[in-house]
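Structure record follows, encoded as structure tokens.
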Amino acid sequence: MSETTLAKGYEPEEVEARWLTFWAETGAGTADPDAPGVPFSIVIPPPNVTGALHMGHALNLTVQDILCRHMRQMGRKVLWVPGTDHAGIATQNVVERALAAEGSSRHEMGREKFVERVWEWRKDYGGRILNQIRRMGASVDWTRERFTMDEGLSKAVREVFVRLYEEGLIYKGDYIINWCPRCQTALADLEVEHSPKKGALYQIRYPLADGSGELVVATTRPETMLGDSAVAVHPEDEKYQDYIGKFVKLPLTDRTIPVIADAYVDREFGTGALKVTPAHDMNDFDLGRRHNLEVIKVMDGEGNMNEAAGPAYQGLSREVCRKRVVEDLKTAGFLVQVEEHDHSVGECYRCKTVVEPHVSPQWFVKAGPLAAVARSAVETGKTQIIPEQWTTTYYHWLDNIRDWCISRQIWWGHRIPAWTCETCGKLIVSRQDPDACPCGGALQRDPDVLDTWFSSALWPFSTLGWPDSTKELKAFYPTSVLVTGFDILFFWVARMMMMGLHFMDEVPFKHVYIHALVRDAEGKKMSKSTGNVIDPLVMIDKFGTDALRFTLTAFAAMGRDIKLSEDRIEGYRHFVNKLWNAARFSMMNLPETIPAASLDGELPLHHAWILHRLEEMKQSTAKAIEGYHFNEAAQGLYSFLWLEFCDWYLEMAKADLNGEDEAVKATAQKCLWTVLSELLTLMHPIMPFVTQEIWSHLPGHEQKDLSKVLYPEARPQHVKPEAVAQMTLLQEIVVSVRNIRSELSISPGAKLECMVRTGDAADLATLRANERMIVQMARLSGFTAGPDVTAPKASASAAAGGNAVFVPLAGAVDFDAELARLNKELAKTSKEAEIVGRKLANEDFTAKAPAEVVAKEREKDEMLRGKVEKLEELKARIESLKG
RNA sequence: GGGCGGAUAGCUCAGCUGGAAGAGCAUCGGCCUUACAAGCCGGAGGUCACAGGUUCGAGCCCUGUUCCGCCUACCA
């Protein structure tokens with residue numbers, strides 16, 4: 001495979017497939033807890049088994065992979081745990097849909113058969129997203145892949161549940177919760193999405209039972225009035241003082257309900273009188289508890305009215321019932337007015353059905369004590385959230401946390417380990433399935449399962465083998481960093497913090513890196529229903545994984561969303577190809593055996609310069625990645641490769657490589673090989689495939705697996721800042737000749753002379769030493785430099801720093817064009833010079849600004865003044881020739 | 001209602017502790033120069049949302065305003 005030539009264009013598809021197989025076979029991501037090195041560990045945010053890879057995953061995986069590959073290069077012992085979660089509601093929905101298509105249902109099948117069926121489904125389709133993760137090039141440890149429903153993790157879930165119960169942090173009770181009438185299960189507060197809806201505010205007359213008057217209440221849900229058990233007013237509301245303690249007759253029913261006083265009531269809203277329906281409204285439920293009101297459920301679990309709603313309404317859906325109630329109220333004269341009213345309505349985040357507050361027996365985690373610990377871990381810096389701005393959000397949520405409803409009335413998930421005795425009613429929560437109640441009675445197991453997030457909350461330690469004490473736990477907990485989007489900061493991150501601290505006594509991760517959300521080109525959230533999704537796998541097929549990864553990296557600036565479009569990915573494919581071609585060129589010029597030429601002595605400027613820049617790149621790239629500034633790493637590498645390595649260094653090295661001097665050639669080959677090799681290493685974490693492919697063809701490396709090559713060591717002997725200044729001078733001269741050529745419309749092929757007049761001995765030395773390079777880069781037929789070069793009459797001119805550049809012209813010189821050119825340059829330069837001059841003339845500046853800043857300004861001033869002087873001189877020359 | 005973020009070139013965005021306004025794409029002109037036309041060379045393009053303030057110096061810090069996002073909340 002060690003061809004020293006590369007194909008003309010980079011073909012990602014074939015290359016990626018080949019290296020994916022290679023890395024799979026060699027177990028590239030497999031971690032060894034016993035290996036030496038400082039551990040670095042990440043647990044993947046487990047994607048939903050029913051899911052398919054989307055751009056959010058692609059970014060998330062790219063970031064994690066960059067970190068893991070980089071840390072391996074730094075000699076760290078890296079573990080990246082992959083896996084999926086069982087997504088209770090979503091998965092159950094998917095399988096139920098399949099059953100419906102077959103004309104069956106879970107109820108028909110029974111619980112056991114249904115769960116079996118879900119396992120089958122997961123066996124067939126659950127691997128899809130894992131394969132997609134593979135295609136991203138994610139260097140995870142496949143030997144440690146986990147699933148929230150697998151045996152080990154289920155054991156952890158059970159242990160946690162039992163312990164929390166024993167500690168009094170889990171309790172069961174009749175409470176009002178969010179209920180999805182379609183999914184037929186409870187939802188946690190977080191699983192309810194609120195969206196504004198146009199609705200109406202109805203005012204209804206409630207006559208006093210003693211006939212002495214009436215109260216008008218306002219509501220957006222008139223149908224719930226059938227379950228009202230009180231009317232509440234503010235205790236200090238003067239207009240209602242006389243009503244408190246009296247009773248009203250509830251219209252459409254034969255019930256009489258009390259008027260109570262509670263400060264919760266907002267006197268300004270509506271009429272200031274609130275109907276209270278404890279069974280069907282969260283706030284009314286609390287109110288009802290405070291006042292011991294009756295909880296009257298008028299709806300069943302499917303959102304239909306039940307017997308308690310009265311014979312006229314029983315069996316109606318909540319929507320139909322609303323219409324009927326309004327009509328009846330109107331007919332009976334109880335409806336005072338109806339006005340338009342916008343309010344927010346909660347919907348199930350899985351199926352978008354309007355949720356119904358519902359009173360039922362549920363299990364809760366007492367969140368307060370856990371939240372306090374989770375908060376202080378961030379306050380004290382044990383866990384750092386990056387970017388920092390998210391800590392406020394994190395605190396805010398923990399400070400206002402409510403108890404977490406963890407039971408779900410579905411079948412797919414971890415079944416709650418609780419049993420009730422049919423004889424004595426005793427509740428048993430146990431690690432082992434009990435056979436019978438101590439009283440001898442038969443036991444009935446709680447039918448509910450746990451919220452999926454309950455098991456996800458244990459992920460950082462359950463995946464490492466907890467509750468057993470394993471090598472993995474010892475080596476890799478706490479994990480180094482959690483990489484995720486802010487959308488699950490509460491769902492997941494905060495809960496992992498609570499559980500990790502409670503059960504491990506240590507934070508689950510030292511850093512939390514919150515990355516951007518990927519949006520479409522217009523900034524809209526990508527969603528299937530909007531039809532604006534960009535499928536990462538389609539992009540990979542089209543442009544290659546590296547192009548996609550590089551694009552996401554380049555745009556992954558902290559604290560901002562990414563607007564992604566196909567064009568951008570296509571653009572970065574050009575970059576991948578540029579790298580490929582630079583390597584292709586290099587290899588055409590490299591021998592099988594890399595010359596032993598030393599790079600440590602005095603080197604020609606272009607070598608010294610690129611080696612110096614390479615040293616800077618090594619430093620800045622590592623710093624950027626380790627500081628989570630991924631876009632900086634990408635952008636730095638982009639411009640280094642394209643603008644410095646390709647546009648200048650390779651072009652200059654051509655002269656050496658094509659020349660006759662074997663020693664010069666050997667040095668160039670060694671330098672080229674060195675820079676390319678190390679550059680590939682630096683780019684590898686971002687673009688694993690193309691770099692690996694090139695590396696495998698590059699001669700002189702025994703380790704053919706780039707993913708195992710360490711980060712290049714610093715070479716202090718190559719740090720030569722003065723090389724940059726000298727190179728800048730060369731570049732300025734070359735660019736000024738090119739500029740003359742372009743602006744005076746001289747064909748690129750025409751050979752030109754160039755002479756530079758310089759009074760600076762150092763500059764002169766640089767120019768003389770690099771004559772050959774200037775000739776090559778500016779396409780000259782000859783170059784001379786000296787302190788007293790005289791300008792030929794017919795010549796174009798420019799200023800490079802304080803030096804005058806002349807390009808003799810064969811034909812007639814267009815003096816006006818030449819003057820225009822010089823004037824343009826002069827205007828720009830003198831404007832800059834003026835600004836700096838004003839600054840230095842300001843005594844406050846020279847007195848108060850730091851000495852180094854002032855020194856820098858003086859230097860700049862000198863340079864600019866020299867340039868202005870030169871330009872004026874050149875202009876005067878043209879004017880005299882013209883005149 | 002509370003909180004957070006954004007406003008910089010035509011577009012998308014960098015600009016990390018205040019010290020000469022940057023990149024990519026698009027655009028204009030010229031090039032098939034033997035790694036790359038998925039390319040090369042050169043150019044043009046900005047009152048850093050607005051108004052004040054602090055400072056020798058502000059895109060960056062402070063105050064206020066406008067316009068966009070997002071999160072969060074029990075106003076029925």
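Sequence lines set the chain letters: A, B, ... in the order given, protein chains first and strands last, and positions in each chain run from 1.
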Notebook entry, point to check: When we call it a touch if two heavy atoms are under 4.0 Å apart, what does A:Asn739 touch: a base, just sugar-phosphate, or nothing?
Noted result: sugar-phosphate
Next item on the list: Find the distance A:Tyr638:OH to B:A38:P and express it as a whole number of Å.
Entry: 14 Å
Check: Looking only at side-chain N and O atoms, does A:Lys654 come under 4.0 Å of OP1 or OP2 in B:A35?
Finding: yes
Next item on the list: Kindly check if the number of other-residue, nucleotide or ligand heavy atoms within 6.0 Å of CD (A:Glu626) is above 12?
Entry: yes
Check: Think A:Arg573 has a side-chain N or O under 4.0 angstrom from the OP1 or OP2 of B:A38?
Finding: no
Item checked: For the student: nearest non-hydrogen atoms of A:Pro357 and A:Arg221, plus distance -> CD-NH1, 4.0 Å
Checklist line | Euclidean distance, atom CD1 of residue A:Ile385 to atom C1' of B:C4 [Å, nearest integer] | finding: 14 Å
Next item on the list: Look at all strands and tell whether A:Lys824 reaches a base, only sugar-phosphate, or nothing, counting heavy atoms closer than 4.0 Å.
Entry: sugar-phosphate
Margin query: Just to be sure I understand the rule, does A:Glu632 reach a base, reach only the sugar-phosphate, or reach nothing, if contact means heavy atoms closer than 4.0 Å?
Written below: base
Margin query: Starting the side chain at C-beta, find the nucleotide from B:G19, B:G3, B:A20 nearest to A:Phe845.
Written below: B:G19
Next item on the list: For A:Arg741, report the nucleic acid contact type (base, sugar-phosphate, nothing); a contact means any heavy atom under 4.0 Å.
Entry: nothing
Item checked: Crowding at CZ, A:Arg865 (>12 non-hydrogen neighbours, <6.0 Å) -> no
Checklist line | Rounded C1' spacing from B:A21 to B:C48 in Å | finding: 8 Å
Note to self: What I want to check is whether the side chains of A:Lys275 and A:Thr277 have a donor and an acceptor closer together than 3.5 Å.
What the structure shows: yes
Check: Would you say the ring centroid of A:His511 lies under 6.0 angstrom from that of A:Tyr628?
Finding: yes
Notebook entry, point to check: Using the C1' atom in both, what is the distance from B:G52 to B:C41, to the nearest Å?
Noted result: 47 Å
Check: Which comes earlier along RNA chain B counting from the 5' end, the contact point of A:Ile562 or that of A:Asp844, where each point is its nearest nucleotide?
Finding: A:Ile562
Notebook entry, point to check: Does A:Lys8 put a side-chain nitrogen or oxygen below 4.0 Å from OP1 or OP2 of B:A35?
Noted result: no
Next item on the list: May I ask you to say what A:Leu864 touches in the nucleic acid, namely base, sugar-phosphate or nothing, with a heavy-atom cut-off under 4.0 Å?
Entry: base
Item checked: Polar side-chain atom of A:Asp861 near backbone of A:Glu857 as donor-acceptor pair, under 3.5 Å -> no
Next item on the list: For atom NZ of A:Lys860, decide whether the heavy atoms of other residues, nucleotides or ligands shown that lie under 6.0 angstrom number more than 12.
Entry: yes
Margin query: If I pick the P atom on B:U63 and the same atom on B:G3, what distance separates them, to the nearest angstrom?
Written below: 13 Å
Between the protein and nucleotides 7-10 of chain B, are there any N/O to N/O pairs under 3.5 Å, and if so, what are the atom names and distances?
{"from": "B:A7", "atom 1": "OP1", "to": "A:Arg560", "atom 2": "NH2", "distance (Å)": "3.2"}

Item checked: Nearest-neighbour nucleotide for the A:Arg584 side chain, B:G24, B:U12, B:A35 considered -> B:A35
Notebook entry, point to check: Closer to the 5' end of RNA chain B via nearest nucleotide, is it A:Ser745 or A:Glu11?
Noted result: A:Ser745
Note to self: If you go through the side-chain atoms of A:Asn581, does one of them form a donor-acceptor pair with the base of B:A35 closer than 3.5 Å?
What the structure shows: no
Restricting both atoms to N or O, compile the protein contacts to nucleotides 68-76 of chain B shorter than 3.5 Å, with distance only.
{"from": "B:C74", "atom 1": "O4'", "to": "A:Asn283", "atom 2": "OD1", "distance (Å)": "3.2"}
{"from": "B:C74", "atom 1": "O4'", "to": "A:Asn283", "atom 2": "ND2", "distance (Å)": "3.1"}
{"from": "B:C74", "atom 1": "O2'", "to": "A:Asn283", "atom 2": "ND2", "distance (Å)": "3.2"}
{"from": "B:C74", "atom 1": "N1", "to": "A:Asn283", "atom 2": "OD1", "distance (Å)": "3.3"}
{"from": "B:C74", "atom 1": "O2", "to": "A:Tyr264", "atom 2": "OH", "distance (Å)": "3.3"}
{"from": "B:C75", "atom 1": "O2", "to": "A:Asp266", "atom 2": "OD2", "distance (Å)": "2.1"}
{"from": "B:A76", "atom 1": "OP2", "to": "A:His341", "atom 2": "NE2", "distance (Å)": "3.4"}
{"from": "B:A76", "atom 1": "O2'", "to": "A:Ala218", "atom 2": "O", "distance (Å)": "3.3"}
{"from": "B:A76", "atom 1": "N6", "to": "A:Asp266", "atom 2": "O", "distance (Å)": "2.7"}
{"from": "B:A76", "atom 1": "N6", "to": "A:Phe269", "atom 2": "O", "distance (Å)": "3.3"}
{"from": "B:A76", "atom 1": "N1", "to": "A:Asp266", "atom 2": "N", "distance (Å)": "3.1"}

Next item on the list: Consider only side-chain N and O atoms of A:Tyr206 and A:Asp228, and report whether a donor and an acceptor are under 3.5 Å apart.
Entry: yes
Next item on the list: Check the distance between B:A23's P and A:Arg568's CZ and give it to me in whole angstrom.
Entry: 18 Å
Notebook entry, point to check: Should A:Trp642 be listed as having a side-chain N or O under 4.0 Å from OP1 or OP2 of B:C40?
Noted result: yes
Check: Rounded to whole angstroms, how far apart are CH2 on A:Trp648 and C1' on B:A35?
Finding: 18 Å
Next item on the list: Scan side-chain atoms only and decide if A:His234 and A:Asp262 contain a donor-acceptor pair under the 3.5 Å cut-off.
Entry: no
Item checked: Greater than 12 external heavy atoms within 6.0 Å of A:Glu859's CD -> no
Check: Taking the same atom, C1', in B:G69 and in B:A20, what whole-Å distance lies between them?
Finding: 34 Å
Margin query: When the P atoms of B:C25 and B:C40 are compared, how many Å lie between them, rounded to an integer?
Written below: 9 Å
Margin query: Taking only the C1' atom of each, what is the distance from B:A58 to B:G18 in whole angstrom?
Written below: 6 Å
Next item on the list: Please determine, for the side chain of A:Asp647, which listed nucleotide (B:G3, B:C41, B:G43) has the closest atom?
Entry: B:C41
Next item on the list: Send over the distance from A:Lys867 NZ to B:A20 P, rounded to a whole Å.
Entry: 17 Å
Item checked: Output field: ring centroids A:Phe550/A:Phe555 closer than 6.0 Å -> no
Notebook entry, point to check: Taking the six-membered ring for Trp, are the ring centroids of A:Tyr638 and A:Trp642 within less than 6.0 Å of each other?
Noted result: yes
Next item on the list: Mark yes or no for whether A:Glu347, through its side chain, and A:Val355, through its backbone, hold a donor-acceptor pair below 3.5 Å.
Entry: no
Next item on the list: Could you check A:Glu834 against A:Arg838 for salt bridge (Lys or Arg N to Asp or Glu O under 4.0 Å), going step by step and ending with a plain yes or no?
Entry: CA-CA 6 Å; A:Glu834 203 182 315; A:Arg838 256 209 310 269; 3.5 Å; yes
Next item on the list: Would you mind reading off the distance between A:His574 atom NE2 and B:A23 atom P, rounded to a whole angstrom?
Entry: 19 Å
Note to self: At less than 4.0 Å, is any side-chain N or O atom of A:Lys848 found next to OP1 or OP2 of B:G57? Yes or no.
What the structure shows: no
Next item on the list: Indicate, with a heavy-atom threshold strictly under 4.0 Å, whether A:Tyr572 touches base, sugar-phosphate, or nothing.
Entry: nothing
Next item on the list: Please step through salt bridge (Lys or Arg N to Asp or Glu O under 4.0 Å) for the pair A:Asp844 and A:Lys839, ending with a clear verdict.
Entry: CA-CA 9 Å; A:Asp844 281 330; A:Lys839 225 178 205 184; over 6 Å; no
Next item on the list: Using the P atom as the reference point in each nucleotide, state the distance between B:U55 and B:C60 in Å, no decimals.
Entry: 16 Å
Notebook entry, point to check: Given the P atoms of B:A23 and B:C61, what is the spacing between them in whole Å?
Noted result: 23 Å
Next item on the list: Classify the nucleic acid contact of A:Asp487 as base, sugar-phosphate or nothing, counting any heavy atom under 4.0 Å across all strands shown.
Entry: nothing
Check: Using Watson-Crick and G-U wobble pairs with both distances under 3.5 Å, what is the 5'-to-3' dot-bracket string of RNA chain B, with [ ] for crossing pairs and | for pairs outside the strand?
Finding: (((((((..((((.....[..)))).(((((.......))))).....(((((..]....))))))))))))....
Notebook entry, point to check: A:Asp861 has an atom CG; how far is it from atom C1' of B:A20, in whole Å?
Noted result: 12 Å
Margin query: When you measure from the side-chain N and O atoms of A:Lys578 to the phosphate of B:C40, is any distance below 4.0 Å, counting only OP1 and OP2?
Written below: yes
Margin query: Using whole Å, what does the distance between atom P of nucleotide B:C11 and atom CZ of A:Phe555 come to?
Written below: 15 Å
